[in-house]
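Before any comments, here is the structure.
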Protein chains: 2
Amino acid sequence: MSSAKINAAIDNLKEAGVRITPQRHAILEHLIQSMSHPTADEIYKALEGKFPNMSVATVYNNLRVFKEAGLVKELTYGDSSSRFDCVTTDHYHIICDSCGKIVDFHYPGLDEVESLAESVTGFEVGRHRMEIYGVCPDCKRKH
Amino acid sequence: MSSAKINAAIDNLKEAGVRITPQRHAILEHLIQSMSHPTADEIYKALEGKFPNMSVATVYNNLRVFKEAGLVKELTYGDSSSRFDCVTTDHYHIICDSCGKIVDFHYPGLDEVESLAESVTGFEVGRHRMEIYGVCPDCKRKH
DNA sequence: TTATTACTTTATAATCGTTATAATTAGTCT
DNA sequence: AGACTAATTATAACGATTATAAAGTAATAA
């Protein structure tokens, strides 16, 4: 049941001193319930019914608020627009080159790569990102 | 000596049936000689002196041509604009969170991650990308 | 309760990177 | 040289995101 997740997220925000407006609630709910990784515009369109007067800026503003609270991650791939992902546990993404579908997958952290990079470059390493690209089962079937 | 690299790249393009115009030569030369990973606009500005009438579109067009020929890779990080990297050997990048500097570093391919992802998700995996983020030595010193 | 304040939302305009268009110029081929 | 193709230029268009200013809403203090 995802309402537990939503409540947890909201408690989290409240503790951080963030006001829970109806719009914020709806955006968060949509992010958690849609198991996908929607763009700002997709969220905007999905909530058009409930909030006919909501502005795109509100979506962007609140996604930034959620990001700053550590609840949401922004996924940026080269082309087109950012996608937003509710942070639950650490995971990587595999992306279909053909249809764009994004699927989560888990893998133990690449600590080894980070520490090698650190010693070779002299950087102080904080984090890394990785994505894998390929063709999803659906698209494989369709040739 | 980088003129050897330039000539090799040009031969490569010629074989692929790409005309070598003065602009293309200059863009390629700049990409190879500047050891950095310039944006399209940086290239445009760097060549302003030699080609006062060159249009930004020419830079973008030709970067696409080079990409299609496999000579250049486009690096897309979330914010701001794409950076372009001359393909020599496979390598990853480590990026400074503070000043944005990009440094190459080598690491054996992450075949294991790819094959795990393949078996877990059912995707047919083609490639992956990875970047590491941290603070570079210069910025560490400056606190 | 009312006044004051800070925070949110809205509507709209602006910005920025990139791409499309149409006209002009330059190369290539016979 | 003439015909054809490709490349460049200048400019406009586009789409994602951000900035701005005005109006609305909630929280707090008197």
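Within every chain, numbering begins at 1; the chains are lettered A, B, ... in the order of the sequence lines, protein sequences first and strands thereafter.
Here chain A contacts DNA chain C (any atom closer than 4.0 Å to a heavy atom, that is under 4.0 Å), and the contacts span C/dC7 to C/dA11 from 5' to 3'.
Between the side chain of B/Arg24 and the backbone N or O of B/Asn62, no donor-acceptor pair lies under 3.5 Å. Checking side-chain atoms of A/Lys67 against main-chain N and O of A/Phe84 turns up no donor-acceptor pair under 3.5 Å.
The aromatic ring centroids of A/His128 and A/Tyr92 lie less than 6.0 Å from each other.
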Please step through side chain to side chain contact (heavy atoms under 4.5 Å, CB included) for the pair B/Glu42 and B/Arg83, ending with a clear verdict. CA-CA 9 Å; B/Glu42 281 167 4; B/Arg83 302 191 156 272; 3.5 Å; yes
Go through A/Leu13 and A/Leu28 one step at a time and tell me if the side chain to side chain contact (heavy atoms under 4.5 Å, CB included) criterion holds. CA-CA 11 Å; A/Leu13 284 171; A/Leu28 207 51; 3.7 Å; yes
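Residues satisfying the side chain to side chain donor-acceptor pair (under 3.5 Å) criterion with B/Asn12, sequence neighbours excluded, are absent altogether. Under the rule for a ring pair (Phe, Tyr, Trp, His ring centres under 6.0 Å), A/Tyr77 has no partner lying at least two apart in sequence or in another chain.
In this entry the distance linking CZ of A/Phe84 with C1' of D/dA16 reads 10 Å, nearest Å.
A heavy atom closer than 4.0 Å to some atom of DNA chain D occurs in A/Ala57, A/Tyr60, these being the qualifying members of residues 52-65 of chain A. For DNA chain C, the neighbouring residues in residues 15-45 of chain A, judged by any heavy atom under 4.0 Å, are A/Arg19, A/Thr21, A/Gln23, A/Arg24.
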Side-chain donor-acceptor pairs under 3.5 Å in residues 47-61 of chain B, sequence neighbours left out?
| residue | atom | partner | partner atom | Å |
| --- | --- | --- | --- | --- |
| B/Ser55 | OG | B/Ala57 | N | 2.9 |
| B/Asn61 | OD1 | B/Arg64 | NH2 | 3.0 |
| B/Asn61 | ND2 | B/Ala57 | O | 3.3 |

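Remark: A/Lys142 does not engage A/Asp138 in a salt bridge, criterion side-chain N to carboxylate O under 4.0 Å.
Note on ring orientation: taking the six-membered ring where Trp is involved, the planes of B/His93 and B/His37 are perpendicular (angle over 60°, cut-offs 30° and 60°).
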